2 protein chains.
Amino acid sequence: MSAKKVLVVDDEASIREMLRLALEISEFECLEAADIHEAYRLITDESPDMVLLDWMLPGGSGIELLRRLKKEEATQALPVIMLTAKTHEDNVVQGLEVGADDYITKPFAPKELIARMKAILRRSSSEEAGSELRVGELVLEIDSRRVMLSERALEMGPTEFKLLHFFMSHPERAYSRAQLLDRVWGANVYVEERTVDVHIRRLRKALQAGDPIYADLIQTVRGTGYRFSPRDLAVA
Amino acid sequence: MSAKKVLVVDDEASIREMLRLALEISEFECLEAADIHEAYRLITDESPDMVLLDWMLPGGSGIELLRRLKKEEATQALPVIMLTAKTHEDNVVQGLEVGADDYITKPFAPKELIARMKAILRRSSSEEAGSELRVGELVLEIDSRRVMLSERALEMGPTEFKLLHFFMSHPERAYSRAQLLDRVWGANVYVEERTVDVHIRRLRKALQAGDPIYADLIQTVRGTGYRFSPRDLAVA
DNA sequence: CAGTAATGTGACATTCACGTGACAGCCTGC
DNA sequence: GCAGGCTGTCACGTGAATGTCACATTACTG
């Protein structure tokens, strides 16, 4: 994998310097911009893989840039992490609503930032893989929001679809109920953990209706949670 | 989730005391060391989940310990937060280069320290993902929570999995039943020491089901406890 | 070689996690 | 309004996992 380009947008030179250091240690290529105008130029000229964006910037707050990026087709998919000194929930919510992929409050540990960046890059690179996910005869069509099994459509609710989508994007890995709630239902939603069980049940039922073998794709990991395992399908 | 063990390394008793207080309020288990030698002993004996390390220490500065920890395979992944009174960029950079996960300058708010600790633990526990432990044909897949032996999955309960995980992370070393209870079951859990024997038995049985040779990986050290010894596998 | 302490092992009761069906509230569209 | 799909929660049943014991077996001691 070639080095990823990261654009740092912050008006304080010392912070840019610190980030450059941290990024280069982790083998990212680093671009810097001190204001929105410069940032926008670099984005179009250099097409970085990710943007680290300060909330407060001269010549317009960072969120304006974010809004602009998300409005334009070409830059919509560009991952953005907001950097903010503020901890108020409002800002976080506002940032995420406009489309930031993550936010991190100053001061932060460089390593944590790097970790989040990697997580986001991993996600975005695996998600652009076509508009459908496939496991054996099972095909999840993201755009049409349909699931096909051996040419026949499977019936399932929106939650089961999202759950299956998540599982198919993250195979061979056990997730706790809490993690699933977080990733599928979304954070700051409170529902009982056992609710996951019920939706797992519904999803299994839907898969089973298509082909009994495929229900075994979703395995229970006792004491932990669930796992989607195409690997064991071939064996069976 | 069992309480995380944190080792505090500082020569000033008052600071250790303060940290112990803060940590215990936040439900961390706290170990203390006043010098590098003691710190190193505790790290190998108690294998804490994280180290808070003072920069200036008698008998060698903290950074020397850090360097040592990062050089050795067994302790490389152990998260370290540097505590320092100095604010010079140099030190920070030096600390991060050697591999500290974060640094924090005195005086600091306990709350901030705790917050950073949690952030780092969250990361390290999820970053352990993707990795796997391997001994010969035996592969412990951490993120999928499975144990494979010669491509076939082994059946075992959660406790046996944790036990094996611990053993594979700490090979060639004998542990007493008390130590195993502490590490695998978690501190402040009271069960009979002989219970360990039973789970050892179950684990051996699971390994044996895969390949009889592999049951010998777990050796009895009479009068002491048990040892996981891949070394003797090749010999046999 | 007997005696004793330490460990192996099978069985068992209990606890606990999970599967499952039922149901009430909530939307949405008719 | 009501019909129907979707959701979250609960209660109940079941089987797995756990901890403990009793007894068998093995290793040390003198």
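Atoms considered below: every heavy atom in the structure, side chains included; atoms not considered: hydrogens, waters and symmetry mates. Every chain is numbered from 1, with letters handed out A, B, ... down the list of sequences. Just so it is clear, the structure is predicted and the values come from calculations on it, not from any experiment.
The separation between Q219(A) atom CD and dG19(C) atom P is 12 Å, rounded to whole Å. Atom pair W185(A):CH2 and dT9(D):C1' shows a separation of 13 Å (rounding to whole Å applied). Remark: P of dA11(D) and CG of D197(A) are 15 Å apart, rounded to the nearest angstrom. Rounded to a whole Å, the CD1 atom of I218(B) is 15 Å from the C1' atom of dT7(C). Computed from coordinates, the Q208(A) CD to dT20(C) C1' distance equals 13 Å when rounded to whole Å. Here dT7(C) presents its P atom at 6 Å from OH of Y226(B), a figure rounded to the nearest Å. Remark: P of dC6(D) and CG of L163(A) are 15 Å apart, rounded to the nearest angstrom. Atom CZ of R222(A) is separated from atom P of dA16(D) by 7 Å (rounded to the nearest Å).
When distances are taken from the side chain of H199(B) to each of dA16(D), dG19(D), dG19(C), the shortest belongs to dG19(D). Of the listed nucleotides (dG8(C), dT7(D), dT20(C)), dT20(C) has the atom at the smallest distance from the side chain of V198(A). Nearest nucleotide to the side chain of R202(B), out of dT18(D), dG8(D), dG15(D): dT18(D). For T195(A), counting side-chain heavy atoms from C-beta on, the closest listed nucleotide (dA17(D), dG8(D), dG8(C)) is dG8(D). Picking from dC10(D), dT18(D), dG8(C) the nucleotide with the shortest atom distance to the side chain of R204(B) gives dG8(C).
Few gaps surround CD on E24(B); more than 12 heavy atoms of other groups in view lie less than 6.0 Å from it.
A close approach under 4.0 Å does occur between a side-chain nitrogen or oxygen of T220(B) and OP1 or OP2 of dG8(C). The side chain of Y190(A) contributes no N or O atom lying less than 4.0 Å from OP1 or OP2 of dT9(D). The phosphate of dA17(C) has neither OP1 nor OP2 within less than 4.0 Å of any side-chain N or O from R177(A).
Residue contacts shown for E160(B) are limited to sugar-phosphate atoms, with no base heavy atom under 4.0 Å away. At a threshold of 4.0 angstrom between heavy atoms, the contacts of V221(A) are confined to the sugar-phosphate backbone, with no base atom among them.
Contact annotation: the side chain of P48(A) never approaches that of V6(A) to less than 4.5 Å [non-hydrogen atoms, C-beta and beyond]. Taking 4.5 Å as the limit, every side-chain heavy atom of R20(B) sits out of range of all side-chain heavy atoms of F28(B).
For R194(A) against dG19(C), a side-chain-to-base donor-acceptor contact under 3.5 Å is present.
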Carefully, step by step, assess M50(B) and V80(B) under the rule side chain to side chain contact (heavy atoms under 4.5 Å, CB included).
-> CA-CA 6 Å; M50(B) 172 173 279; V80(B) 176; over 6 Å; no

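Between V184(A) and the options F166(A), F167(A), Y175(A), a side-chain contact (heavy atoms from CB on, under 4.5 Å) holds for only F166(A).
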